[in-house]
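Have a look at the structure below before the remarks.
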Amino acid sequence: MSFSRPLSRASFSLSKKLTAKPLSTALPLARQIYPATITGAIRSLHASKSKSLKERLEELIPLKQEEIKQVKKEHGAKSLGNVTVDMVYGGMRGIKGLIWEGSVLDPEEGIEFRGLTIPDCRKRLPAADGGEEPLPEGLFWLLLTGEIPTKEQVDAISAEWAARSSIPSFVEDLIDRCPNTLHPMSQFSLAVTALQHDSSFAKAYQSGVNKSEYWQYAYEDAMDLISKLPAIAGRIYRNVYKDGKVPSIEMDKDYSYNLAKILGYSEDKDFVELLRLYLTIHSDHEGGNVSAHTMRLVGSALSDPYISFSACLNGLAGPLHGLANQEVVRWILKMRDEIGDAPSDETVKGYVWKTLKSGKVVPGYGHAVLRRTDPRYEAQREFALKRLPQDPLFKLVSQLYNIVPGVLLEHGKTRNPWPNVDAHSGVLLQHFGLVEQNYYTVLFGVSRALGVLSQLIWDRALGFPIERPKSYPTEMIRKMFNEQK
Ligand SMILES: CC(=O)SCCNC(=O)CCNC(=O)[C@H](O)C(C)(C)COP(=O)(O)OP(=O)(O)OC[C@H]1O[C@@H](n2cnc3c(N)ncnc32)[C@H](O)[C@@H]1OP(=O)(O)O
Ligand SMILES: O=C([O-])CC(=O)C(=O)O
């Protein structure tokens, strides 16, 4: 196996994805799946310029309800594919069992947010004044409506999120009482659960509100929760790693700037830009990943958005999922300690083999669905090549990109030898001085809120039922098929 082969294939994907495309050719996957919705959404772009997000949703919900009624009438009895015994034992891989409106993941193309790839989003979503990267506020609008908002609409969301950002003092106390040794993700999940105290959805349900109105309360909770995440995430960071003093939010600044400010890094424009990109690209990855699916499952019991999101965060905190970004940096730093910061390719190869032979995974590589370099990795690599090309850890990450896929192919087990999003994110944060690896998944969680909460609003608007798939014990599977012989 030549070392250069994996990178050249990845580079090919990169250059292919970065070629400027008109929107009409940038949407092949989405068009196959929901042509009318996407085309309709694009057509309606101009009509909706003066609307607020909630007003626009009010218009879109009855249309989507009607569309689903039609789809069920026309196609309700058709099969989406077989479910084999292997699939059931294999983590349900490949079973088409969920509806998720905001994004679709194609193994070869990567993620599309309402039909837009990551390069499309970086080109088309509004950026901050003087900035280049998309504002996550715009991505949230896109996920919810399928439309690209104007800069004014995005600014309105920034202002609304800043206005809703304060957290109750008992939640501050709760975070302050956590020992510094409690993992930041556990503190995060705990604080989000406590915010449930003020859930509009839970209160409305208790007061017996009509189910046709559920989405409005889910919307209010989602907006409040997203708004409060910087105050929570920032407080955890300042308590665990700094002096415990939490800077205040600025009402006229965007979400990423404010998060950067609370963390203590807003002076560095490049860091703020990184955060805008980071929060955009980590937001959504269709419905089957552990965090999104957990959100859907828990929310389907009409658990309110806060406790559903807290469950989602607990899933994200697993090392095979979001926590992998922490594991990647730990693994790279350990490698540097063991073999130095300018190792030969052969020495790096030996370190990767040592990890595999000790029965561990190589963090940041492989994916349950993707069969190419993750476009989120590519976006971060592009950011690094432009803004920190000489960073020594970035150089190690690039060297690993050249070597790990070849080793994993030779090892012969991993279905996808290419890097995923987590192989890159931590090294960028390290560059800007945010070196505390255990904190990284908290930032991932802030971003994931945008995807899972936008879908939860739709779940309530569309009246999706409680999730309850069928299960069997092994003994029954055996008997079922033995009897057929
Ligand atoms: C945001 C995200 O969640 S992205 C994913 C982040 N996670 C990581 O980077 C952790 C490292 N990667 C992995 O563990 C896996 O590739 C996962 C969890 C992402 C996907 O898991 P799967 O869909 O089961 O992967 P796949 O079908 O390729 O697994 C086949 C075998 O290869 C192994 N494998 C997969 N990836 C790797 C890897 N990076 N290093 C070593 N072995 C691997 C699996 O553990 C499995 O081994 P087993 O048969 O002994 O159980
Ligand atoms: O899609 C997955 O299974 C995991 C992932 O990359 C994500 O959730 O961002």
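Whatever order the structure lists ligands and atoms in, that order sets their numbers, starting from 1. Side-chain atoms are counted along with the backbone in the values below, which use heavy atoms only and exclude waters and symmetry mates.
Counting only heavy atoms, the protein gets under 4.0 Å from atom 37 (C) of ligand 1. The nearest protein heavy atom to atom 17 (C) of ligand 1 is not closer than 4.0 Å. Under the 4.0 Å distance rule, the nearest protein heavy atom to atom 2 (C) of ligand 1 falls inside the cut-off. Atom 51 (O) of ligand 1 lies below 4.0 Å from none of the non-hydrogen atoms of the protein.
Remark: the backbone N or O of Gly299 is not paired with any side-chain donor or acceptor of Ser303 at under 3.5 angstrom. A distance-only check finds a donor-acceptor pair linking the side chain of Arg114 to the backbone of Leu143 [under 3.5 Å]. Gln380 places a side-chain N or O within 3.5 Å of a backbone atom of Arg376 that can act as its donor or acceptor partner.
For atom 33 (C) of ligand 1, the closest non-hydrogen atom on the protein side is Thr414 OG1, 4.1 Å. The shortest contact between atom 28 (O) of ligand 1 and any protein heavy atom is with Arg415 N, 2.7 Å. Here the heavy atom of the protein found nearest to atom 14 (O) of ligand 1 is Leu320 CD2, 3.4 Å.
Taking distance alone, with nitrogen or oxygen atoms compared against 3.5 Å, Arg376 approaches ligand 2 more closely than that limit. Considering backbone and side-chain N/O atoms, Tyr365 comes within less than 3.5 Å of an N/O atom of ligand 1. Considering both main-chain and side-chain atoms, His321 comes within under 3.5 Å of ligand 1 through a nitrogen or oxygen pair. Residue contacts with ligand 1: Val362 is placed with a nitrogen or oxygen under 3.5 Å of a nitrogen or oxygen of the ligand (distance criterion only). The shortest N or O to N or O distance between Asp422 and ligand 1 is not below 3.5 Å. Among the atoms of Val361, none of the N or O lies under 3.5 angstrom from an N or O of ligand 1. In terms of polar-atom proximity, defined here as any N/O pair under 3.5 Å, Leu408 makes no such contact with ligand 1. In terms of polar-atom proximity, His285 is counted as a contact of ligand 2, with an N or O under 3.5 Å from an N or O of the ligand.
Distances below 4.0 Å separate heavy atoms of Ala324 from the following atoms of ligand 1: 6 (C), 7 (N), 8 (C), 9 (O). Using a 4.0 Å cut-off to heavy atoms of Lys413, the atoms of ligand 1 that qualify are 30 (C), 31 (C), 32 (O), 47 (O), 48 (P), 49 (O), 50 (O). Close contacts of ligand 1 with Phe444, meaning ligand atoms under 4.0 Å from a residue heavy atom, involve 1 (C). Of all atoms in ligand 1, numbered sequentially from 1 with element shown, those under 4.0 Å from a heavy atom of His367 are 4 (S), 16 (O), 19 (C), 20 (C). Listed by number with element, the atoms of ligand 1 under 4.0 Å from a non-hydrogen atom of Gly364 are 8 (C), 9 (O). Taking every heavy atom of Arg93 and a limit of under 4.0 angstrom, the matching atoms of ligand 1 come to 22 (P), 23 (O), 24 (O).
You'll find the ring centres of Phe188 and His183 outside the 6.0 Å limit. The six-membered or imidazole ring of His321 lies away from that of His285, with a centre-to-centre distance of 6.0 Å or more. Residues Tyr365 and Trp331 place their aromatic rings such that the two centres sit no closer than 6.0 Å.
Counting heavy atoms under 4.0 Å from ligand 2, residue Glu286 does not touch it at all. No part of His282 comes within 4.0 Å of ligand 2, judged by heavy-atom distances. Heavy atoms of Arg448 found under 4.0 angstrom from ligand 2 belong exclusively to the side chain.
A salt bridge between Glu273 and Lys386 is absent, with no side-chain N of the basic residue lying under 4.0 Å from a carboxylate O of the acidic one. Between Glu108 and Arg371, none of the side-chain N atoms (NZ, or NE/NH1/NH2) sits under 4.0 Å from a carboxylate O, so this pair counts as no salt bridge. Look at Lys64 and Glu67 and you find a salt bridge, because one of the NZ, NE, NH1 or NH2 atoms lies within 4.0 Å of a carboxylate O, short of that distance.
Not a single heavy atom of His411 sits under 4.0 Å from any atom of ligand 1.
Side-chain contact of Asp224 with Ser227: a donor-acceptor pair under 3.5 Å is absent, judged by distance alone. Between the side chains of Asn325 and Thr441, at least one donor N or O sits under 3.5 Å from an acceptor N or O. One side chain, Asp284 or Trp100, offers a donor N or O that lies under 3.5 Å from an acceptor on the other. Remark: the Asn289 side chain and the Ser291 side chain contain an N/O donor-acceptor pair separated by less than 3.5 Å.
Lys261 forms no cation-pi arrangement with Tyr257, by the criterion of a distance under 6.0 Å to the ring centre and an angle within 45° of the ring axis.
Checked options Tyr214, Tyr306, Phe309; the residue passing with Phe201 is Tyr214 (criterion: ring pair (Phe, Tyr, Trp, His ring centres under 6.0 Å)).
When the heavy-atom distances from atom 4 (S) of ligand 1 to Asn420, Val369, Thr441 are ranked, the shortest goes to Asn420.
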